Amino acid sequence: NAEALEHPARGPRRCACMPSTVIRSYRYDRQRRALDIVFQSRRRYTYLGVPEEIYDAMKVAFSKGEFFNRRIRDRFAFERNGEEPPAGLS
């Protein structure tokens, strides 16, 4: 299973890397209703006001990139968070 979900009361739920030509990884923060996405380009964005149902649907979508383009892109406000550091760096 590609997902490592935290206990709901303890914070964000994270989906580890998965095979996608568009999305490298993503995680959802239930309290903030924020979906953090790292793209294959390593650019990081936080999409705001995302309902948990959208996150749940993304988890089971066959194509994460297609799902993102259909259900998230241009539908939610976002913040660009720079780039993901190389593996092993914080």
Side-chain angles (χ1 to χ4, degrees):
N1 188 351
E3 294 185 38
L5 301 180
E6 295 183 22
H7 187 276
R10 294 185 188 148
R13 300 190 310 175
R14 181 177 177 83
C15 180
C17 296
M18 85 302 284
S20 172
T21 59
V22 177
I23 295 174
R24 182 177 189 85
S25 64
Y26 60 96
R27 70 179 184 166
Y28 184 75
D29 185 326
R30 178 184 293 167
Q31 292 179 336
R32 293 176 40 229
R33 292 178 43 132
L35 179 63
D36 296 314
I37 298 179
V38 178
F39 292 91
Q40 290 296 351
S41 65
R42 293 191 179 266
R43 288 187 179 142
R44 294 185 307 129
Y45 291 83
T46 299
Y47 291 85
L48 308 168
V50 177
E52 189 170 357
E53 296 79 27
I54 295 290
Y55 169 73
D56 290 338
M58 184 172 182
K59 288 189 305 185
V60 299
F62 177 76
S63 171
K64 307 302 186 224
E66 283 183 27
F67 183 89
F68 169 79
N69 286 327
R70 259 191 351 264
R71 305 282 306 274
I72 298 169
R73 184 180 183 181
D74 299 328
R75 294 179 183 260
F76 296 96
F78 66 89
E79 300 171 347
R80 182 163 178 206
N81 301 315
E83 295 188 10
E84 179 184 53
L89 299 178
S90 305

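No experiment lies behind these values; they were computed from the predicted model shown.
The salt bridge (Lys or Arg N to Asp or Glu O under 4.0 Å) test applied to R33 returns no partner, not counting sequence neighbours. Shown here are the ring pair (Phe, Tyr, Trp, His ring centres under 6.0 Å) partners of F76, two or more places apart in sequence or in another chain: there are none. Legend: residues meeting side-chain contact (heavy atoms from CB on, under 4.5 Å) with F67, ordered by chain and number and at least two apart, are I54, A57, M58, A61, R70, R71, I72.
Nearest heavy-atom pair, Y26 versus K59, reported as atom, atom and distance to 0.1 Å: OH-CA, 3.4 Å. Here the closest heavy-atom approach between residue S20 and residue G65 is recorded as OG-N, 4.2 Å.
Two rings, from F68 and Y45, have their centers 6.0 Å or more apart.
In this structure, L35 CG and E52 CD are separated by 11.5 Å, a value rounded to the nearest 0.5 Å. T21 OG1 to E66 CD: the interatomic distance, rounded to the nearest 0.5 Å, is 9.0 Å.
With respect to R44, the side chain to side chain contact (heavy atoms under 4.5 Å, CB included) criterion is satisfied by exactly one of D36, N81, I37: N81.
Of the possible donor and acceptor atoms, none in the side chain of Y55 sits under 3.5 Å from a partner among the backbone N and O of V50.
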